[in-house]
Amino acid sequence: MHSNDLPTYHVAGIGAGPANLSLAALFPAADLGPIALFDNQPGPAWHPALLSPGVRMQTSWMKDLVSLVDPQHRLTFMNYLVTSGRLFALLNAQFDTIPRLEYVRYLTWAARRIEGIHYNTSIERVTYTDDGFELYAGGRPVARAHHLSIGVGTRATRPEWMSGLPEGAAFIADDLGRRMDGLRGDLDAPIAVVGGGQTGLECVLKLIHAGFTDVRWLGRRQWFQTIDDSPVANEFYRPAHQQFLQQLSRGTRRRLVVEQGPTGDALTPGALRVLYQANYDRMLDLDRFPAVLYPGRDVVAVEPDGAGLVMRCETPGGREEHRARHVIVAVGREASPVPFDDDLAERVEYDDDGDMLIEPDYSLRWKGMNGHRIFVLNRARYSHGVPDANLTLLPVRAATVINAMAGRAVFGVIDELCPVRWIA
């Protein structure tokens, strides 16, 4: 396609996950022109490899794609429940938090009602000219846009010790589902899960339910920490606290956000209870626990050892070794790479910690923008707070971006009735 014939959008979003879906759902209210989202998935999806029956969300169903800024929007979670005939069944099930599979169904329902989403389109390169941005997929230009919205999400972190290990012996948690049938050939073989977070917990629970009898769960922290979901901890997850953070220096913001980690980067208490109960139920059959927890183990090296692997760990009491036939890695996630070409990548400004410099309105600081702006979603944790890494304030962030593009308050973000005074 000749560049002059390219479809042109006011904003093009790279990625069609919850962050950009929220933006696209709210964007028509600004009446700025067309928006398009591009995603390499074949259709609506959200961490499909990590979906399992019994897994719950960590956020309230009220914190959907739109409700926090536009509760009368047609794509609210409540409208999804009513129009799909699921409302009373879900209410009577009395979930504290909804199943993750339910949230994925909601995202799919919403995505099918948003125009301009292009699946099976992996944006591999973005270039910049005075006329705006050009997006390339399959080696050819596919779109031009005045602004960009980066919502490429995260990918599983792979420790250095994974490289060089026998294929299939150690793999990331995302691959557990497709490898499960092969693992079932020996349910009594020792299998280790490395990573003490929510994904690690879900892997252990899945293995117990599948009948494995020798599961070792290793976590770096001194205990398998649950989320602080107290009322005051939830004050971090509101616009008032984000506004407070913007008044501080970058170093101070980073320190405070690190301290707030236990309010989000930890285990759901209900899920940990479910795991303990499942482990106890199986103990009644086996006369021993099928899963054993090993907190305070920082795995620093993994090496082949006969038919399995040996894990070398640092602990508060010294060094330990643990052996397993297979190792499942769930040590966290990292930001996926952004497909800027070399010229555009060199224009981006970074802080002393190597993070992109992101303004209060989520726009990226870069040289030579000439009115064309790049908005970055899910990468402002240390400038905008812990909610930026999760689903809590999706519509608030989208509204902030839309207001910035429009140059006016298309949406009001009102958060005045706050019992906490963060600053005098």
Side-chain angles (χ1 to χ4, degrees), residues 13 15-27 29-30 46-47 57-73 75-78 97-98 100 103 106-107 110 149-154 227-248 253-254 256-258 260-266 268 333 335 358-364 375-405 409-420 422:
N20 267 334
L21 283 179
S22 179
L23 179 69
L26 294 168
F27 189 74
W46 183 62
H47 298 307
M57 295 292 292
Q58 293 181 314
T59 54
S60 165
W61 62 266
M62 294 184 66
K63 297 178 178 180
D64 58 20
L65 297 175
V66 294
S67 290
L68 295 186
V69 298
D70 188 1
Q72 295 180 316
H73 198 283
L75 297 183
T76 63
F77 184 79
M78 178 63 78
T97 51
I98 63 172
R100 192 183 295 173
Y103 184 74
Y106 161 65
L107 292 181
S149 175
I150 307 297
V152 294
T154 60
I227 285 176
D228 180 355
D229 195 31
S230 63
V232 71
N234 277 296
E235 293 291 337
F236 296 141
Y237 293 81
R238 56 188 297 173
H241 187 260
Q242 288 188 317
Q243 294 162 11
F244 157 68
L245 286 176
Q246 295 306 310
Q247 303 174 52
L248 307 176
R253 285 200 303 257
R254 190 179 189 92
L256 293 180
V257 170
V258 170
Q260 295 163 12
T263 68
D265 297 335
T268 304
R333 304 189 71 82
I358 300 173
E359 306 288 0
D361 62 5
Y362 295 95
S363 62
L364 180 63
F375 295 92
V376 185
L377 314 181
N378 299 335
R379 292 183 185 238
R381 178 187 181 95
Y382 295 112
S383 59
H384 289 65
V386 286
D388 191 70
N390 57 44
L391 305 170
T392 310
L393 295 179
L394 288 180
V396 172
R397 180 173 57 197
T400 302
V401 170
I402 291 169
N403 290 348
M405 282 191 281
V410 178
F411 295 99
V413 179
I414 304 171
D415 186 17
E416 299 174 348
L417 191 63
C418 185
V420 178
W422 298 109

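As the structure is a computational prediction, the values presented were derived from the model and not from experiment. Side-chain atoms are counted along with the backbone in the values below, which use heavy atoms only and exclude waters and symmetry mates. The residues of the chain are indexed from 1 along the displayed sequence.
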Nearest 0.5 Å, what's the OG-NZ distance between Ser22 and Lys63? 14.0 Å
I need the Leu107 CG to Phe77 CZ distance, nearest 0.5 Å. 9.5 Å
Would you say the side chain of Asn378 lies within less than 4.5 Å of the side chain of Thr154, judging by non-hydrogen atoms? no
Got a donor-acceptor contact below 3.5 angstrom from the Gln246 side chain to the Ser383 backbone? yes
Donor-acceptor pair, distance only, cut-off 3.5 Å: does the side chain of Asp415 make one with the backbone of Ala240? yes
So do Leu68 and Leu393 actually touch side chain to side chain, heavy atoms under 4.5 Å? yes
So which atom in Thr263 and which in Ala233 form the shortest heavy-atom distance, rounded to 0.1 Å? CG2-CB, 3.8 Å
Any side-chain heavy atom of Asp229 sitting closer than 4.5 Å to one from Asn234? yes
Interatomic distance, Leu364 atom CG to Phe375 atom CZ [nearest 0.5 angstrom]: 10.5 Å
Could you pull out the closest heavy-atom pair between Ala398 and Leu26, with the gap in Å? CB-CD1, 3.9 Å
Considering all heavy atoms, the nearest Thr392-Asn390 contact: OG1-OD1, 2.6 Å
Is there side-chain contact between Gln72 and Asp70, with at least one heavy-atom pair below 4.5 Å? yes
Do Val401 and Phe27 make a side-chain contact, defined as non-hydrogen atoms from C-beta onward lying under 4.5 Å apart? no
CG on Asn20 to CG on Leu377, rounded to 0.5 Å: 5.5 Å
pair His384-Arg253: side-chain heavy atoms closer than 4.5 Å: no
Just how far is it from atom CG of Asp361 to atom OG1 of Thr400, taken to the nearest 0.5 Å? 8.0 Å
Is the closest side-chain heavy-atom distance between Tyr237 and Thr59 below 4.5 Å? no
Donor-acceptor pair, side chain of Arg397 and main chain of Asp388, under 3.5 angstrom: yes
Minimum heavy-atom separation for Val396 to Pro239, with atom names? CG1-CG, 4.0 Å
I'd like to know if the side chain of Ser149 pairs up with that of Tyr362 as donor and acceptor (distance under 3.5 Å, no hydrogens or angles considered). no
Could you walk me through whether Ile402 and Val410 pass the side-chain contact (heavy atoms from CB on, under 4.5 Å) check? CA-CA 7 Å; Ile402 291 169; Val410 178; 4.2 Å; yes
CD1 (Ile98) and CE (Met62) are apart, to the nearest 0.5 Å, by 12.5 Å
Correct closest heavy-atom pair for Val413 and Ala399 would be CG2-CB, 4.2 Å
Any side-chain heavy-atom pair of Cys418 and Glu235 under 4.5 Å: yes
Which pair of heavy atoms, one from Gly264 and one from Ile227, lies closest together, and at what distance? O-CD1, 3.9 Å
Keeping the roles fixed (side chain from Tyr106, backbone from Met78), state whether a donor-acceptor pair exists under 3.5 Å. no
Apply ring-ring contact (aromatic ring centres under 6.0 Å, His included) to His241 and list each qualifying residue two or more places apart in sequence or on a separate chain. Phe236, Phe244, Trp422
